[in-house]
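The structure appears below as structure tokens.
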There are 2 protein chains.
Amino acid sequence: MLIEKFKRHIKKNGYFKTKERLELFEILTKQKTPCTIQRLVHLADNMDEATVYRNLELFEEIGVTHRIYTGWKYKVELSDMFRSHHHHMTCDSCGAVISFEESVGFERELRKLEQKYGFNASSHSLELRGSCSSCHSNRFA
Amino acid sequence: MLIEKFKRHIKKNGYFKTKERLELFEILTKQKTPCTIQRLVHLADNMDEATVYRNLELFEEIGVTHRIYTGWKYKVELSDMFRSHHHHMTCDSCGAVISFEESVGFERELRKLEQKYGFNASSHSLELRGSCSSCHSNRFA
DNA sequence: TTAAGATTGCAAAAAATTTGCAATTTAAAC
DNA sequence: GTTTAAATTGCAAATTTTTTGCAATCTTAA
């Protein structure tokens, strides 16, 4: 269970496992696409805004979540620790967010890159913007 | 000259070429790394904050700039129209931002991806986070 | 069960962004 | 060059987002 892993992770990092943190995590697990902070504040309506902010910061610090920039705002989603590694394509016309896994070929390119620059990548993000298949097939509709 | 191209682009889109816009553009051309909005507001200290915001929005709308999420904030930089296509690696320990061009192999993967999902990508961003060569070679210093 | 320390809610402050409007600037027509 | 209509700016105020201090509450480990 994800939630169990989360509890362990929180403890391992020396923090308390509070009902607010569990709930915020639950909310995050339910999201199909990355979520703005405002939306999370809204969804977590039984806890204080400040608590949401403080916990999102904590989550990011201990690697539970990460932020990505999709469309026009940055958004939050569970990190690879709790969700399989993936990237996004965002449709500028309908707003759809399509997640995809990265290819072996892409990983290989990434490794080449790290080698070339002596850079040690702990994470990476790849975001595409454009138009999804249903939007550009309806272009003249 | 970049600035000439910028002037033409502004006109082509039906907007006025004001000294504020020219100056903001100049500032952008001088940045070696992506810049937070706050920093731009600071650099453009002879124009009103609201003007900076309004013009950055305009620049984004007509494709002069784009935003990327680097480190912890999103930042603004000139788009491919005014700067050669590239991506970034950000060092989490010293904050250095290294720009790199994308490889042919990577482009190929991208095209495969578009084909697979019928997605028409008008732009994409790839951001790496991690530690740069000088930082991890000094890890034990 | 208790005590120490972490976390929360609340209220207020600070920071970031947006908006309305009068004054100014721009571009195009004369 | 003037003139004129429309776009843009600066300013002040409003709004929205994020952060902070602190007392009350909750969590953990003993």
Side-chain angles (χ1 to χ4, degrees), chain A residues 3-28 34-77, chain B residues 3-28 34-77:
Chain A
I3 190 80
E4 294 307 321
K5 184 171 183 183
F6 171 72
K7 289 179 185 170
R8 268 180 273 128
H9 191 69
I10 277 255
K11 294 270 64 180
K12 188 167 53 198
N13 283 273
Y15 293 105
F16 284 8
K17 141 176 75 76
T18 68
K19 72 171 169 17
E20 287 79 9
R21 286 172 186 164
L22 293 177
E23 182 183 339
L24 192 52
F25 180 79
E26 289 279 15
I27 290 175
L28 284 165
C35 218
T36 60
I37 295 190
Q38 285 315 305
R39 182 158 167 69
L40 289 171
V41 165
H42 173 77
L43 291 172
D45 59 346
N46 55 336
M47 74 186 84
D48 196 78
E49 255 188 299
T51 302
V52 175
Y53 276 99
R54 284 189 276 228
N55 282 328
L56 286 179
E57 193 186 340
L58 173 70
F59 284 8
E60 204 146 332
E61 177 200 322
I62 64 177
V64 169
T65 57
H66 62 170
R67 294 185 187 192
I68 56 166
Y69 185 66
T70 253
W72 296 93
K73 294 209 142 211
Y74 56 68
K75 297 180 181 170
V76 178
E77 73 174 355
Chain B
I3 190 81
E4 294 308 321
K5 184 172 182 181
F6 172 71
K7 288 179 186 169
R8 266 179 274 128
H9 191 69
I10 277 254
K11 294 269 67 180
K12 187 168 53 199
N13 283 274
Y15 293 105
F16 284 7
K17 141 177 75 76
T18 67
K19 69 172 173 14
E20 288 78 10
R21 285 170 186 167
L22 293 176
E23 181 182 338
L24 192 51
F25 179 79
E26 289 278 15
I27 290 175
L28 284 164
C35 220
T36 60
I37 295 191
Q38 285 315 305
R39 181 159 167 70
L40 289 171
V41 165
H42 174 77
L43 290 171
D45 59 346
N46 55 334
M47 75 186 84
D48 196 78
E49 254 188 302
T51 302
V52 175
Y53 277 99
R54 285 190 275 229
N55 283 328
L56 286 179
E57 192 186 341
L58 172 71
F59 283 9
E60 205 146 331
E61 177 200 323
I62 64 177
V64 170
T65 56
H66 61 172
R67 293 186 189 193
I68 55 165
Y69 187 66
T70 255
W72 296 92
K73 295 209 140 210
Y74 58 65
K75 299 180 181 171
V76 177
E77 71 172 356

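Reminder, nothing fancy here: chain letters follow the sequence lines and each chain counts from 1. This structure is a prediction, so every number in the text was calculated from the model and none was measured.
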Checklist entry - Considering residues at least two apart in sequence or located in another chain, which fulfil the salt bridge (Lys or Arg N to Asp or Glu O under 4.0 Å) criterion with A/E60? => result A/R67

Checklist entry - Contact boundaries of DNA chain C with chain A (under 4.0 Å, heavy atoms), 5' to 3'? => result C/dG5 to C/dC10

Checklist outcome for this item: Across all chains, not counting sequence neighbours, the side chain to side chain donor-acceptor pair (under 3.5 Å) partners of B/R21 are B/N55

Item to check | Results of ring-ring contact (aromatic ring centres under 6.0 Å, His included) for B/F6 - residues two or more places apart only | outcome: B/F25, B/F59

Next on the checklist: Whether the side chain of B/H9 engages the backbone of B/I62 through a donor-acceptor N/O pair (distance < 3.5 Å, no angle test) should be reported.
Outcome noted: yes

Checklist outcome for this item: Those residues at least two apart in sequence (or on a different chain) that pass side chain to side chain donor-acceptor pair (under 3.5 Å) with A/T65 are none

Item to check | ring-ring contact (aromatic ring centres under 6.0 Å, His included) partners of B/Y69, counting only residues at least two apart | outcome: A/Y74

Checklist entry - B/E4: what forms a salt bridge (Lys or Arg N to Asp or Glu O under 4.0 Å) with it, not counting sequence neighbours? => result B/K7

Checklist entry - Among all residues two or more places apart in sequence or in another chain, which pass the side chain to side chain contact (heavy atoms under 4.5 Å, CB included) test with A/E49? => result A/V41, A/Y53

Checklist entry - side-chain contact (heavy atoms from CB on, under 4.5 Å) between A/L58 and A/V64: does it pass, once the steps are laid out? => result CA-CA 8 Å; A/L58 173 70; A/V64 169; over 6 Å; no

N/O to N/O distances under 3.5 Å, protein versus nucleotides 25-28 of chain D:
unit_1, atom_1, unit_2, atom_2, d
D/dT28, OP1, A/K17, N, 3.4

Next on the checklist: How bent is the helix from C/dT1-D/dA30 to C/dC30-D/dG1, measuring the angle between the end axes built from five pairs each, rounded to 10°?
Outcome noted: 50°

Next on the checklist: Short of 4.0 Å, heavy atom to strand atom, which residues of residues 45-55 of chain B count as contacting DNA chain C?
Outcome noted: B/E49, B/A50, B/Y53, B/R54

Checklist outcome for this item: Sorted by chain and number, sequence neighbours left out, side chain to side chain donor-acceptor pair (under 3.5 Å) with A/N46 holds for A/E23

